[in-house]
Amino acid sequence: MEDALRRELGTAVLRPTGHSGGGCISQGQSYDTDRGRVYVKSNSKAEARRMFEGEMASLEAILKTQTIKVPKPIKVIDLPGGTTLFAMEHLEMRGLNRHSAKLGTQLADLHLHNQQLGEKLKKEGSTVGRKGQGQMEVQFVDQFGFHTVTCCGYLPQVNDWQNDWVTFFAKQRIQPQMDMIEKNSGDREARELWAQLQLKIPSLFCDIEIVPALLHGDLWGGNVAEDDSGPIIFDPASFYGHSEYELAIAGMFGGFSSSFYSAYHSKIPKAAGFEKRLKLYQLFHYMNHWNHFGTGYRGSSLNIMRNLVK
(Lines give C-alpha, C1' and ligand atoms only; values in the text may rest on other atoms or scores of the structure.)
Protein backbone atom coordinates (compact mmCIF):
# COMPACT_ATOMS: atom_id res chain seq x y z
CA MET A 1 0.00 0.00 0.00
CA GLU A 2 2.74 2.47 0.92
CA ASP A 3 4.52 2.10 -2.44
CA ALA A 4 1.30 2.84 -4.30
CA LEU A 5 0.60 5.80 -2.03
CA ARG A 6 4.11 7.21 -2.51
CA ARG A 7 3.72 6.93 -6.27
CA GLU A 8 0.23 8.49 -6.35
CA LEU A 9 1.24 11.39 -4.12
CA GLY A 10 4.49 11.93 -6.05
CA THR A 11 6.58 11.92 -2.88
CA ALA A 12 9.96 10.36 -2.11
CA VAL A 13 9.27 10.44 1.63
CA LEU A 14 6.35 8.56 3.20
CA ARG A 15 6.74 7.95 6.92
CA PRO A 16 3.86 6.92 9.21
CA THR A 17 3.64 9.41 12.10
CA GLY A 18 1.90 7.10 14.52
CA HIS A 19 -1.24 9.29 14.41
CA SER A 20 -4.16 7.09 13.49
CA GLY A 21 -7.89 7.43 13.73
CA GLY A 22 -11.13 6.17 12.34
CA GLY A 23 -14.85 6.06 12.89
CA CYS A 24 -17.63 3.58 12.27
CA ILE A 25 -16.93 3.64 8.53
CA SER A 26 -13.23 4.14 7.62
CA GLN A 27 -9.76 3.86 9.15
CA GLY A 28 -7.17 6.63 8.96
CA GLN A 29 -3.41 7.13 9.30
CA SER A 30 -1.09 10.16 9.04
CA TYR A 31 2.19 10.25 7.08
CA ASP A 32 5.04 12.71 6.69
CA THR A 33 5.80 13.38 3.03
CA ASP A 34 8.17 15.77 1.31
CA ARG A 35 5.18 18.11 0.87
CA GLY A 36 4.15 18.12 4.50
CA ARG A 37 1.95 15.87 6.60
CA VAL A 38 -1.04 14.10 5.05
CA TYR A 39 -3.92 12.13 6.52
CA VAL A 40 -5.05 9.06 4.58
CA LYS A 41 -8.39 7.32 5.06
CA SER A 42 -8.80 3.78 3.81
CA ASN A 43 -11.89 1.66 3.15
CA SER A 44 -12.35 -1.72 1.47
CA LYS A 45 -16.11 -1.60 0.87
CA ALA A 46 -17.28 -1.78 -2.74
CA GLU A 47 -18.82 1.70 -2.50
CA ALA A 48 -15.71 3.35 -0.97
CA ARG A 49 -14.70 5.31 -4.08
CA ARG A 50 -18.16 6.84 -4.44
CA MET A 51 -18.14 7.73 -0.74
CA PHE A 52 -14.69 9.33 -0.83
CA GLU A 53 -15.38 11.23 -4.07
CA GLY A 54 -18.51 12.70 -2.45
CA GLU A 55 -16.48 13.68 0.60
CA MET A 56 -13.79 15.26 -1.59
CA ALA A 57 -16.39 17.30 -3.54
CA SER A 58 -17.97 18.38 -0.23
CA LEU A 59 -14.64 19.54 1.23
CA GLU A 60 -13.84 21.44 -1.99
CA ALA A 61 -17.23 23.21 -1.91
CA ILE A 62 -16.86 24.24 1.75
CA LEU A 63 -13.25 25.33 1.18
CA LYS A 64 -14.30 27.69 -1.61
CA THR A 65 -16.65 29.60 0.68
CA GLN A 66 -13.70 30.55 2.97
CA THR A 67 -16.05 30.54 5.95
CA ILE A 68 -14.89 27.61 8.10
CA LYS A 69 -11.77 25.45 8.25
CA VAL A 70 -11.78 21.98 6.68
CA PRO A 71 -8.87 19.70 5.69
CA LYS A 72 -7.80 20.37 2.10
CA PRO A 73 -8.52 17.27 0.00
CA ILE A 74 -5.71 15.88 -2.16
CA LYS A 75 -6.69 12.72 -4.01
CA VAL A 76 -8.85 9.57 -4.07
CA ILE A 77 -6.69 6.52 -4.88
CA ASP A 78 -7.68 2.96 -5.86
CA LEU A 79 -5.32 0.23 -4.71
CA PRO A 80 -5.09 -3.16 -6.38
CA GLY A 81 -7.20 -5.61 -4.39
CA GLY A 82 -10.16 -3.34 -3.86
CA THR A 83 -9.10 -0.88 -1.14
CA THR A 84 -9.70 2.83 -1.77
CA LEU A 85 -7.72 5.61 -0.10
CA PHE A 86 -8.52 9.28 0.36
CA ALA A 87 -5.54 11.55 1.03
CA MET A 88 -6.04 14.99 2.54
CA GLU A 89 -4.14 17.62 4.49
CA HIS A 90 -3.31 16.52 8.05
CA LEU A 91 -4.59 18.99 10.65
CA GLU A 92 -3.58 18.87 14.31
CA MET A 93 -7.01 18.51 15.89
CA ARG A 94 -8.27 18.37 19.46
CA GLY A 95 -11.79 18.18 20.86
CA LEU A 96 -14.01 21.22 20.40
CA ASN A 97 -13.84 23.28 23.58
CA ARG A 98 -12.69 26.92 23.48
CA HIS A 99 -14.08 27.60 20.01
CA SER A 100 -17.68 26.45 20.40
CA ALA A 101 -19.19 29.91 19.85
CA LYS A 102 -16.87 30.54 16.91
CA LEU A 103 -18.13 27.28 15.36
CA GLY A 104 -21.70 28.63 15.65
CA THR A 105 -20.70 31.90 13.97
CA GLN A 106 -18.70 30.27 11.18
CA LEU A 107 -21.36 27.62 10.50
CA ALA A 108 -23.93 30.41 10.10
CA ASP A 109 -21.49 32.15 7.72
CA LEU A 110 -21.28 28.95 5.67
CA HIS A 111 -25.09 28.72 5.58
CA LEU A 112 -25.49 32.38 4.59
CA HIS A 113 -22.76 32.30 1.95
CA ASN A 114 -24.94 31.28 -1.00
CA GLN A 115 -27.74 33.70 -0.04
CA GLN A 116 -25.22 36.56 0.15
CA LEU A 117 -23.86 35.59 -3.28
CA GLY A 118 -27.42 35.83 -4.62
CA GLU A 119 -27.93 39.25 -3.06
CA LYS A 120 -24.62 40.45 -4.49
CA LEU A 121 -25.62 39.23 -7.95
CA LYS A 122 -28.92 41.12 -7.74
CA LYS A 123 -27.14 44.29 -6.68
CA GLU A 124 -24.51 44.07 -9.38
CA GLY A 125 -27.12 43.18 -11.99
CA SER A 126 -25.63 42.40 -15.35
CA THR A 127 -22.01 43.24 -14.49
CA VAL A 128 -21.21 39.86 -12.93
CA GLY A 129 -19.85 37.29 -15.32
CA ARG A 130 -18.48 39.68 -17.90
CA LYS A 131 -14.99 38.78 -18.99
CA GLY A 132 -12.35 40.70 -17.12
CA GLN A 133 -14.57 41.15 -14.06
CA GLY A 134 -12.56 38.59 -12.09
CA GLN A 135 -15.46 36.17 -12.12
CA MET A 136 -16.36 34.70 -8.74
CA GLU A 137 -15.15 31.19 -8.28
CA VAL A 138 -18.30 30.16 -6.44
CA GLN A 139 -21.51 30.37 -8.43
CA PHE A 140 -24.87 31.25 -6.87
CA VAL A 141 -27.05 28.11 -6.59
CA ASP A 142 -30.82 28.54 -6.82
CA GLN A 143 -31.84 24.89 -6.41
CA PHE A 144 -31.62 22.14 -3.78
CA GLY A 145 -29.20 19.26 -4.35
CA PHE A 146 -25.54 18.81 -5.26
CA HIS A 147 -23.50 18.15 -8.39
CA THR A 148 -22.50 14.66 -7.24
CA VAL A 149 -23.56 11.83 -4.94
CA THR A 150 -22.52 12.25 -1.30
CA CYS A 151 -22.82 9.60 1.41
CA CYS A 152 -24.14 10.03 4.94
CA GLY A 153 -22.22 7.16 6.51
CA TYR A 154 -21.74 4.78 3.59
CA LEU A 155 -25.28 5.08 2.21
CA PRO A 156 -25.57 7.28 -0.90
CA GLN A 157 -27.81 10.35 -0.88
CA VAL A 158 -29.90 11.27 -3.90
CA ASN A 159 -28.77 14.82 -4.69
CA ASP A 160 -30.64 15.41 -7.99
CA TRP A 161 -31.46 19.11 -8.30
CA GLN A 162 -34.98 20.22 -7.28
CA ASN A 163 -36.58 23.67 -7.27
CA ASP A 164 -38.63 22.91 -4.18
CA TRP A 165 -37.12 22.00 -0.80
CA VAL A 166 -40.16 20.09 0.54
CA THR A 167 -40.14 17.86 -2.57
CA PHE A 168 -36.39 17.39 -2.30
CA PHE A 169 -36.52 16.41 1.37
CA ALA A 170 -39.50 14.05 1.11
CA LYS A 171 -38.48 12.34 -2.15
CA GLN A 172 -34.70 12.36 -1.88
CA ARG A 173 -34.02 12.08 1.83
CA ILE A 174 -36.84 10.24 3.63
CA GLN A 175 -38.25 8.14 0.76
CA PRO A 176 -34.92 6.35 -0.06
CA GLN A 177 -34.50 5.54 3.66
CA MET A 178 -38.06 4.27 3.78
CA ASP A 179 -37.45 2.12 0.69
CA MET A 180 -34.42 0.53 2.39
CA ILE A 181 -36.36 -0.17 5.58
CA GLU A 182 -39.15 -1.66 3.47
CA LYS A 183 -36.69 -3.86 1.61
CA ASN A 184 -34.87 -5.04 4.73
CA SER A 185 -37.73 -5.49 7.16
CA GLY A 186 -41.06 -4.68 5.44
CA ASP A 187 -42.04 -2.58 8.46
CA ARG A 188 -45.77 -1.97 8.08
CA GLU A 189 -46.12 0.57 10.87
CA ALA A 190 -43.28 2.68 9.45
CA ARG A 191 -44.87 2.54 6.02
CA GLU A 192 -48.31 3.61 7.30
CA LEU A 193 -46.91 6.46 9.41
CA TRP A 194 -44.85 7.72 6.48
CA ALA A 195 -47.95 7.73 4.23
CA GLN A 196 -49.68 10.02 6.78
CA LEU A 197 -46.62 12.19 7.42
CA GLN A 198 -46.04 12.89 3.73
CA LEU A 199 -49.38 14.69 3.57
CA LYS A 200 -48.53 16.74 6.65
CA ILE A 201 -45.01 17.91 5.68
CA PRO A 202 -46.00 20.93 3.53
CA SER A 203 -47.93 22.42 6.49
CA LEU A 204 -44.66 22.58 8.49
CA PHE A 205 -43.24 25.02 5.93
CA CYS A 206 -45.95 27.70 5.77
CA ASP A 207 -44.69 31.26 5.41
CA ILE A 208 -40.98 30.52 5.38
CA GLU A 209 -38.72 31.30 2.48
CA ILE A 210 -35.83 28.87 2.04
CA VAL A 211 -32.74 29.94 0.13
CA PRO A 212 -30.48 26.95 -0.65
CA ALA A 213 -27.59 26.85 1.85
CA LEU A 214 -24.41 24.80 1.45
CA LEU A 215 -24.54 22.27 4.30
CA HIS A 216 -21.91 20.06 5.91
CA GLY A 217 -24.69 17.47 5.97
CA ASP A 218 -23.54 15.26 8.88
CA LEU A 219 -22.52 17.73 11.57
CA TRP A 220 -22.54 15.82 14.84
CA GLY A 221 -20.02 16.11 17.68
CA GLY A 222 -17.76 13.43 16.17
CA ASN A 223 -17.18 15.50 13.01
CA VAL A 224 -15.97 18.72 14.61
CA ALA A 225 -12.71 19.65 16.32
CA GLU A 226 -10.50 22.69 16.86
CA ASP A 227 -6.91 23.86 16.66
CA ASP A 228 -5.35 27.10 17.91
CA SER A 229 -6.86 29.09 15.05
CA GLY A 230 -10.46 27.99 15.63
CA PRO A 231 -12.97 25.26 14.79
CA ILE A 232 -12.50 22.56 12.13
CA ILE A 233 -15.25 20.47 10.53
CA PHE A 234 -14.61 17.25 8.59
CA ASP A 235 -16.29 14.12 7.13
CA PRO A 236 -18.94 16.17 5.28
CA ALA A 237 -21.86 14.84 3.20
CA SER A 238 -22.67 18.16 1.58
CA PHE A 239 -25.56 19.44 -0.50
CA TYR A 240 -27.54 22.65 -0.87
CA GLY A 241 -30.52 22.46 1.46
CA HIS A 242 -32.41 24.19 4.29
CA SER A 243 -30.00 25.60 6.89
CA GLU A 244 -32.17 24.20 9.73
CA TYR A 245 -31.47 20.67 8.47
CA GLU A 246 -27.88 21.01 9.71
CA LEU A 247 -28.99 21.48 13.31
CA ALA A 248 -30.88 18.17 13.45
CA ILE A 249 -27.99 15.77 13.98
CA ALA A 250 -26.13 18.52 15.87
CA GLY A 251 -28.72 18.05 18.63
CA MET A 252 -28.42 14.25 18.70
CA PHE A 253 -25.68 12.08 20.25
CA GLY A 254 -24.41 14.58 22.81
CA GLY A 255 -24.98 17.77 20.83
CA PHE A 256 -23.21 21.10 21.15
CA SER A 257 -22.95 23.70 23.93
CA SER A 258 -25.36 26.60 24.36
CA SER A 259 -22.65 29.06 23.22
CA PHE A 260 -22.65 27.33 19.81
CA TYR A 261 -26.42 27.77 19.46
CA SER A 262 -26.57 31.36 20.66
CA ALA A 263 -23.77 32.39 18.28
CA TYR A 264 -25.47 30.57 15.38
CA HIS A 265 -28.96 31.97 16.07
CA SER A 266 -27.69 35.51 16.51
CA LYS A 267 -26.89 35.32 12.77
CA ILE A 268 -29.74 33.01 11.68
CA PRO A 269 -32.69 33.46 14.08
CA LYS A 270 -35.16 30.59 14.54
CA ALA A 271 -38.18 30.87 12.23
CA ALA A 272 -41.72 30.01 13.39
CA GLY A 273 -42.22 26.22 13.52
CA PHE A 274 -38.47 25.55 13.95
CA GLU A 275 -38.85 22.84 16.66
CA LYS A 276 -41.23 20.69 14.61
CA ARG A 277 -39.09 20.92 11.50
CA LEU A 278 -36.06 19.98 13.59
CA LYS A 279 -37.84 16.75 14.58
CA LEU A 280 -38.65 16.11 10.92
CA TYR A 281 -34.98 16.51 10.02
CA GLN A 282 -33.91 14.27 12.92
CA LEU A 283 -36.19 11.61 11.45
CA PHE A 284 -33.81 11.33 8.48
CA HIS A 285 -30.83 10.67 10.78
CA TYR A 286 -32.68 8.13 12.93
CA MET A 287 -33.79 6.26 9.81
CA ASN A 288 -30.29 6.46 8.37
CA HIS A 289 -28.95 4.95 11.61
CA TRP A 290 -31.66 2.28 11.47
CA ASN A 291 -30.44 1.38 7.96
CA HIS A 292 -26.78 1.42 9.03
CA PHE A 293 -26.89 -0.17 12.46
CA GLY A 294 -30.21 -2.00 12.82
CA THR A 295 -33.56 -1.83 14.61
CA GLY A 296 -32.20 -0.13 17.76
CA TYR A 297 -33.19 3.10 15.99
CA ARG A 298 -36.69 1.95 14.98
CA GLY A 299 -38.39 3.25 18.14
CA SER A 300 -36.98 6.79 17.81
CA SER A 301 -37.92 6.91 14.11
CA LEU A 302 -41.52 5.81 14.70
CA ASN A 303 -41.93 8.11 17.74
CA ILE A 304 -41.01 11.16 15.67
CA MET A 305 -43.47 10.16 12.94
CA ARG A 306 -46.25 9.57 15.51
CA ASN A 307 -45.66 12.97 17.10
CA LEU A 308 -45.55 14.79 13.78
CA VAL A 309 -48.76 13.31 12.39
CA LYS A 310 -50.78 14.21 15.53
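Counting from 1, the numbers follow the sequence of the chain as shown.
Residues Ser44 and Thr83 have side chains that bring a donor and an acceptor to within less than 3.5 angstrom of each other. Side-chain polar atoms of Thr11 and Asp34 form a donor-acceptor pair below 3.5 angstrom. Between the side chains of Gln162 and Gln172, at least one donor-acceptor pair of N or O atoms lies under 3.5 Å. If you check the side chains of Asn43 and Ser26, you find a donor sitting under 3.5 Å from an acceptor. For the residue pair Ser58 and Thr150, no side-chain donor N or O sits within less than 3.5 Å of a side-chain acceptor on the partner. If you check the side chains of Tyr31 and His90, you find no donor sitting under 3.5 Å from an acceptor. Remark: the Gln177 side chain and the Asn291 side chain contain an N/O donor-acceptor pair separated by less than 3.5 Å. Judged purely by distance below 3.5 Å, without hydrogens or angles, the side chains of Asp187 and Ser185 never pair a donor atom with an acceptor atom. Side chains of His216 and Glu246: no donor on one and acceptor on the other come within 3.5 Å.
Under the 4.0 Å criterion applied to side-chain N and carboxylate O atoms, Arg94 and Asp228 are assigned as salt-bridge partners. No salt bridge links Asp179 with Arg191; every basic N to acidic carboxylate O contact stays at or beyond 4.0 Å. The pair Arg306-Glu189 meets the salt-bridge criterion, with a side-chain N (NZ, NE, NH1 or NH2) lying under 4.0 Å from an Asp/Glu carboxylate O. Remark: Asp160 does not engage Lys171 in a salt bridge, criterion side-chain N to carboxylate O under 4.0 Å. Comment: Arg188 engages Glu192 in a salt bridge, judged by a side-chain N to carboxylate O separation of less than 4.0 angstrom. Salt bridge absent: Glu244 and Lys270 never bring a charged side-chain N and a carboxylate O closer than 4.0 Å. Remark: Glu55 engages Lys41 in a salt bridge, criterion side-chain N to carboxylate O under 4.0 Å. Under a 4.0 Å N-O distance rule, the pair Glu53/Arg49 qualifies as a salt bridge.
For Thr105 (side chain) and Ala101 (main-chain N/O), a donor-acceptor pair under 3.5 Å exists by modelled atom type. The closest donor-acceptor contact from the side chain of Thr295 to the backbone of Arg298 lies at 3.5 Å or more, if one exists at all. Lys200 places a side-chain N or O within 3.5 Å of a backbone atom of Leu308 that can act as its donor or acceptor partner. Distance alone, capped at 3.5 Å, is enough to place a donor-acceptor pair between the Asn114 side chain and the Val141 backbone. Under a 3.5 Å cut-off, the side chain of Ser266 and the backbone N or O of Ala263 do form a donor-acceptor pair.
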field: Criterion side chain to side chain contact (heavy atoms under 4.5 Å, CB included) on Cys152 and Asn288, from CA distance to verdict
entry: CA-CA 8 Å; Cys152 194; Asn288 190 43; 3.6 Å; yes
task: Apply ring pair (Phe, Tyr, Trp, His ring centres under 6.0 Å) to the pair His147 and Tyr240, showing each step before the final yes or no.
output: CA-CA 10 Å; His147 62 277; Tyr240 284 86; 8.7 Å; no
- request: Before giving the answer on salt bridge (charged side-chain N to carboxylate O under 4.0 Å, His left out), spell out for Arg37 and Glu92 the whole-Å C-alpha distance, their side-chain angles and the decisive distance to 0.1 Å.
  value: CA-CA 10 Å; Arg37 193 166 276 194; Glu92 286 297 333; 3.5 Å; yes
field: Step-by-step side chain to side chain contact (heavy atoms under 4.5 Å, CB included) determination, Met51 to Ile25
entry: CA-CA 10 Å; Met51 183 174 74; Ile25 309 293; 3.6 Å; yes
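Within 6.0 Å of the NZ atom in Lys279, the count of heavy atoms belonging to other residues, nucleotides or ligands does not exceed 12.
The closest side-chain heavy-atom distance from Tyr245 to Leu278 is not below 4.5 Å. In this structure the side chain of Phe86 never reaches within 4.5 angstrom of the side chain of Lys75, judged on heavy atoms. In this structure, Phe284 and Ile174 have side chains that are in contact, with non-hydrogen atoms separated by less than 4.5 Å. Contact annotation: the side chain of Gln282 never approaches that of His285 to less than 4.5 Å [non-hydrogen atoms, C-beta and beyond]. Counting heavy atoms from C-beta on, the side chains of Leu155 and Pro176 never come closer than 4.5 Å.
The side chain to side chain contact (heavy atoms under 4.5 Å, CB included) with His113 is formed by just one residue from the set Leu214, Val138, Ile62, Ile68; it is Val138. Put simply, the residue from Phe274, Phe168, Tyr281, Phe169 that forms a ring pair (Phe, Tyr, Trp, His ring centres under 6.0 Å) with His242 is Tyr281.
The distance from atom CG of Leu14 to atom CG of Leu5, rounded to the nearest 0.5 Å, is 5.0 Å. Distance check: Ile304 CD1 to Leu280 CG gives 8.5 Å after rounding to the nearest 0.5 Å. From Ile74, atom CD1 reaches atom CG of Leu59 across 11.0 Å, with rounding to the nearest 0.5 Å. The distance from atom CG of Leu103 to atom NZ of Lys69, rounded to the nearest 0.5 Å, is 13.5 Å.
Between Tyr261 and His265, the two ring planes are parallel [angle under 30°; tilted spans 30° to 60°].
Note: His99 and Phe260 fail the aromatic proximity criterion, with ring centroids not under 6.0 Å apart.
By the 6.0 Å and 45° rule, Arg173 stacks over the aromatic ring of Phe239.
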